[in-house]
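Please read all numbers here as calculations on a predicted model, not as lab measurements.
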Amino acid sequence: MGKVNELAETVERLIAAKVARQGGISTYHDHHIRGGVAEARRTGRTDELSEYLALLTAERFQDPLPRLDRSDREVLGALAFPVQNFVATQGVTEHLIWAGRPLYKTVFDLASYPMLIAELAPGTIIELGSGSGGSARWMADVAAAHDLFPVIISIDRTAVDVTDDRVSFRTGDVGHLGDVLADCDELPRPWLVIEDAHAHVRAVLDFFDARLTAGDYLMVEDSLAKRATLREFLRSSVHQYQLDTRYLDLFGENTSCAIDSIFRRA
């Protein structure tokens, strides 16, 4: 039982430190881990204790390639929620709506994006794939709630019938971003770039690779089908990118529509 007690004490110390950072208030998951520790002490099993320890000591910023090199089957098998539950997180009986417009984000992204925007305090948000304009307006509202007023540019090949002084809706081809973002060198930093157009993905990645600076974020949404392109891009880039697991795994592994693809330029 010596090994069990040693692991249990370590996990308990880590949980106590986490709860202290939270102002002394435990989450449901903190209570779950404490229950698991008590059970491990009774049974003498170390399996879950080792999992808790790995979870609580994981580095926030990680090399993305080990996770991107996994097969689709491995990725889906490691999701924190069964696939049939995960795919329901954009809505089942209806899609999400914001300010009267469809908002195609998962419920997890509705929680993690505001945290990321608050922490990053972006000078510019660039969204590729406007849809109906709902997500750009939502991000403008989220930023304003944090007293942030970034430049927000949303690009789509189809014009968006939305007027919002906080968002510049631009019509153009993401395969020719040099034409649509001719002013990009003047845009304030840091940048939050969101690839949600699902077209010319490698060209988009190369365009921003040449322009992102340290601390900028690149999010590639709905990325399961883009993994090969992401691997090739990361291996060919002369720059370093890190996965930010704080937002990627906030509710468990890959609880985001940007599966293994919330990148920070190192």
Where is the tightest heavy-atom contact between P64 and F263, given as atom of each residue plus distance?
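That closest heavy-atom pairing would be CB-CE2, 3.7 Å.
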
Measure the OG1-CG distance between T255 and L79 for me, rounded to the nearest 0.5 Å.
9.0 Å

Gap between atom CD of E48 and atom OG1 of T43 - 0.5 Å precision
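T43 atom OG1 to E48 atom CD measures 8.5 Å (nearest 0.5 Å).
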
Linking I/L/V/M/F/W/Y whenever any side-chain heavy atoms sit under 4.5 Å apart, do V92 and I97 land together?
no

Is it true that V75 and L55 fall in one hydrophobic cluster, defined by side-chain heavy atoms closer than 4.5 Å?
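Hydrophobic grouping puts V75 apart from L55.
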
Is any side-chain heavy atom of T27 closer than 4.5 Å to a side-chain heavy atom of Q22?
yes

Among residues at least two apart in sequence or on other chains, which ones pass side chain to side chain contact (heavy atoms under 4.5 Å, CB included) with L53?
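Expected list: L7, T10, V11, L14, T57.
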
ring-ring contact (aromatic ring centres under 6.0 Å, His included) partners of Y241, counting only residues at least two apart:
F233

According to ring-ring contact (aromatic ring centres under 6.0 Å, His included), who are the partners of F149, at least two apart in sequence or on a separate chain?
none

Can D206 and R202 be counted as an ion pair, charged N to O under 4.0 angstrom?
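Yes.
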
Check the side chains of D30 and H32 for a donor-acceptor pair under 3.5 angstrom, ignoring hydrogens and angles.
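Not at all, the side chains of H32 and D30 share no donor-acceptor pair under 3.5 Å.
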
Could you please spell out the steps behind the side chain to side chain donor-acceptor pair (under 3.5 Å) verdict for S168 and R170?
CA-CA 6 Å; S168 172; R170 301 185 182 184; 3.2 Å; yes

